Amino acid sequence: MLRARIRLHSFLPHSRANGPGVRAVVWVQGCSLGCPGCFNPETHDVFGGEDVVVDELVDRIVGLSDTIEGVTVTGGEPLEQRWAVQGILVGIRERTGLSSIVMSGFTWTEIRRLPDAASLLEPIDVLIAGRFQTAGRIAIGMRGSANKTIHLLSDRYTYDDLASVVTSEIVLDVDGRITATGIDPVRLLAD
Ligand code: SF4
């Protein structure tokens, strides 16, 4: 039987800078939107990252559910692999009470025009939408630039909850890997 797969850039099991509370973060690999000044150009190549079975990623997140409040899916562009992203979010919702945030470069209008918009949005608590625009950079409240729009699709979170999310963090894992993340990440020097 064929199993749904996703092209994954990276995964962080515990983050405090990608949404309210402690959250797992899924960075999807691949983005064709080409925003000038993008902070994550290494996520653009659709052949980069690694190929992951959706069910195995869901199992991994479910296994963290006692230690996290939710999952944030970002990228790269999550909606360029939206069937896989939807599979992840539905799988998590069926098995846990975790919340879900999706950060997309597509605008709200573009997303609403997708033929599967209703089912895509159904398992999402918060959607942050719109291209990153360097000229409008704000890097607060989970928005990289002022044009980005926030859509509270359930009553799980408020605008104040999002505004209180820290903008930057550095995570050191047990293998010594350092990850700098958040809407205003620290730039680490290359090796
Ligand atoms: S949508 Fe996101 S990942 Fe894609 S180019 Fe724009 S800022 Fe970069």
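Please read these numbers as outputs of a predicted model, since none were measured by experiment. Residues take their numbers from the sequence shown, with the count starting at 1. Counting starts at 1 for both ligands and their atoms, in listed order.
- When the shell of 6.0 Å around CZ of Arg112 is examined, it contains 12 or fewer heavy atoms from other residues, nucleotides or ligands.
- Protein contacts to atom 8 (Fe) of ligand 1 involving N, O or S atoms at a distance below 2.8 Å are Cys38 SG.
- Using a 4.0 Å cut-off between a side-chain N of Lys or Arg and a carboxylate O of Asp or Glu, Glu110 and Arg131 qualify as a salt bridge.
- The backbone N or O of Arg7 lies less than 3.5 Å from no partner atom in the side chain of Glu50, so there is not a single donor-acceptor pair.
- Taking the side chain as every heavy atom from C-beta outward, Thr149 and Thr107 never approach each other to under 4.5 Å.
- Below 30°, between 30° and 60°, or above 60°: for Phe132 and Phe39 the angle between ring planes is above 60°, a perpendicular geometry.
- At a threshold of 4.0 Å, the pair Arg5-Asp55 does not count as salt-bridged, since none of the basic side-chain nitrogens sits closer than that to a carboxylate oxygen.
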